2 protein chains.
Amino acid sequence: MNDCNHWIETLQAHGYRLTRQRRLIIKILEESHEHLDAETLYDRVRACDESIGLATVYRTLSLLKQVGLVEEHRLGAEHSHFEATPETPHYHFTCRHCGRVIEFAAPEVLNVARELSAREGLHVTDVHLFLSGCCARCQKGETE
Amino acid sequence: MNDCNHWIETLQAHGYRLTRQRRLIIKILEESHEHLDAETLYDRVRACDESIGLATVYRTLSLLKQVGLVEEHRLGAEHSHFEATPETPHYHFTCRHCGRVIEFAAPEVLNVARELSAREGLHVTDVHLFLSGCCARCQKGETE
DNA sequence: ATTGAAAATGAGAATCATTCTCAGGTGGGA
DNA sequence: TCCCACCTGAGAATGATTCTCATTTTCAAT
């Protein structure tokens, strides 16, 4: 599970420097198998190193996204969530009531993307399928 | 194509008042078969009525979304785009270079949503499939 | 090891879409 | 026509993200 080396090699292959801050952010991102938002990541990083600034967290996320190591998701409307790019793609459902996120696989989606690419001559780099509604738990509990 | 009456009836059925501002915004939204952002809609609305405020545009969009008459899309990361809810669902591809948006149908996607709903006991209310990459035109023109 | 130039950082200001506040205006039922 | 709860306009407030800039740090070449 400790694949930090892969991340570090990728960063260096792109000519980016390896700083204390980037190492730490990568470590936290790998440990957290979740969709962290920038603020949460910032808090966890600060728990290890008080001196790291929020701007650095954003800069590093942007850089990791650029080299393909993390994905950014807009699960709600508010702010972004980030997660390590998974080997096999998956998608997300969010409950509008409790905020719970359910991940799911759906191989058909890539076919849709492939067909569209072929038909329109596109080069598709990102595929986001996002569902929202009311989860099973919330349907029982409340009406609103 | 002039289905304003449907919109107006829907609004009234939900107990909302029919104001000059709301009528105008609905009219513009129906005339524009595009994905308008709030600012563009605001400009078009102002061309007809100088006195309308941006906050009213946002308030009305939010209200129309709530009753299901318009959909909100996050095509890029920046800001939202809005369009009249279409009869048959469609999805979007955005070119990261020129910003062009391509709409496409993909009936399979609803099956994915249905299967997930059944399996997890969810009630899915929104389905967004968003692709991005490089369009055919931009692949020829530029490398970057 | 030392050095130097380019790249990265921290702090806080700036940005920008969207929402909120509140005093005044208006739709539509009685 | 009257009334009042709902709407509106203007501008302030918010909140996530980005930018600025002076200071540090990395790392390739000495």
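Values in this document were obtained by computation on a predicted structure and should not be read as measured data. Letters go in sequence order (proteins before strands), and every chain restarts at 1.
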Enumerate the protein-to-nucleotides 28-30 of chain C contacts in which both atoms are nitrogen or oxygen and the separation is below 3.5 Å.
| unit_1 | atom_1 | unit_2 | atom_2 | d |
| --- | --- | --- | --- | --- |
| dG28(C) | OP1 | L18(B) | N | 3.1 |

Please write out each protein N/O paired with an N/O of nucleotides 16-18 of chain D under 3.5 Å, distance rounded to 0.1 Å.
| unit_1 | atom_1 | unit_2 | atom_2 | d |
| --- | --- | --- | --- | --- |
| dT17(D) | OP1 | S80(A) | N | 3.0 |
| dT17(D) | OP1 | S80(A) | OG | 3.4 |
| dT17(D) | OP2 | Y58(A) | OH | 2.4 |
| dT17(D) | O5' | Y58(A) | OH | 3.4 |

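Residues L116(B) and Y91(A) have side chains not in contact (no heavy-atom distance under 4.5 Å, counting atoms from C-beta outward).
Between Q66(B) atom CD and dC7(D) atom C1' there is a gap of 15 Å when expressed in whole angstrom units. Distance L24(B) CG to dT8(D) P: 12 Å, rounded to the nearest Å. Rounded to an integer number of Å, the gap from Y42(B) OH to dA17(C) C1' is 14 Å. The CG-P distance, from D49(B) to dT8(D), rounds to 12 Å in whole Å. Rounding to whole angstrom units, CD of residue E50(B) and P of dT8(D) are separated by 18 Å. Rounding to whole angstrom units, CZ of residue R22(B) and C1' of dG9(D) are separated by 14 Å. Whole-Å rounding puts the R46(B) CZ to dA10(D) C1' distance at 10 Å.
With respect to the salt-bridge test (charged N to carboxylate O, under 4.0 angstrom), the residues R74(A) and E72(B) do not qualify.
Shortest non-hydrogen contact noted between L24(A) and V45(A) is CD2-O, 3.7 Å. Contact detail for G99(A) and T94(A): the closest heavy-atom pair is O-CG2, 4.0 Å.
For E71(A), the side chain to side chain donor-acceptor pair (under 3.5 Å) test picks out H73(A), with sequence neighbours left out. For E31(B), the salt bridge (Lys or Arg N to Asp or Glu O under 4.0 Å) test picks out K27(B), with sequence neighbours left out.
Side-chain contact check for H92(B) and H81(B): no donor-acceptor pair (N or O, by modelled atom type) lies under 3.5 Å. Between the side chains of T56(B) and R59(B), at least one donor N or O sits under 3.5 Å from an acceptor N or O.
The shortest distance between the side-chain N/O atoms of R20(A) and the OP1/OP2 oxygens of dA8(C) is not below 4.0 Å. The phosphate of dT24(D) has neither OP1 nor OP2 within less than 4.0 Å of any side-chain N or O from Q21(A).
Note on the helix from dA1(C)-dT30(D) to dA30(C)-dT1(D): terminal axis deviation equals 30°, with five pairs used at each end and the result rounded to 10°.
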Return a table of donor-acceptor pairs under 3.5 angstrom between the side chains of residues 118-130 of chain A and protein atoms on other chains or two or more places apart.
| unit_1 | atom_1 | unit_2 | atom_2 | d |
| --- | --- | --- | --- | --- |
| T125(A) | OG1 | S132(B) | O | 3.2 |
| D126(A) | OD2 | R96(B) | NH2 | 3.2 |

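Residues L61(B) and L69(B) fall within the same hydrophobic cluster, defined by Ile, Leu, Val, Met, Phe, Trp and Tyr side chains chained together at heavy-atom separations under 4.5 Å.
Checking side-chain atoms of T10(A) against main-chain N and O of H6(A) turns up a donor-acceptor pair under 3.5 Å.
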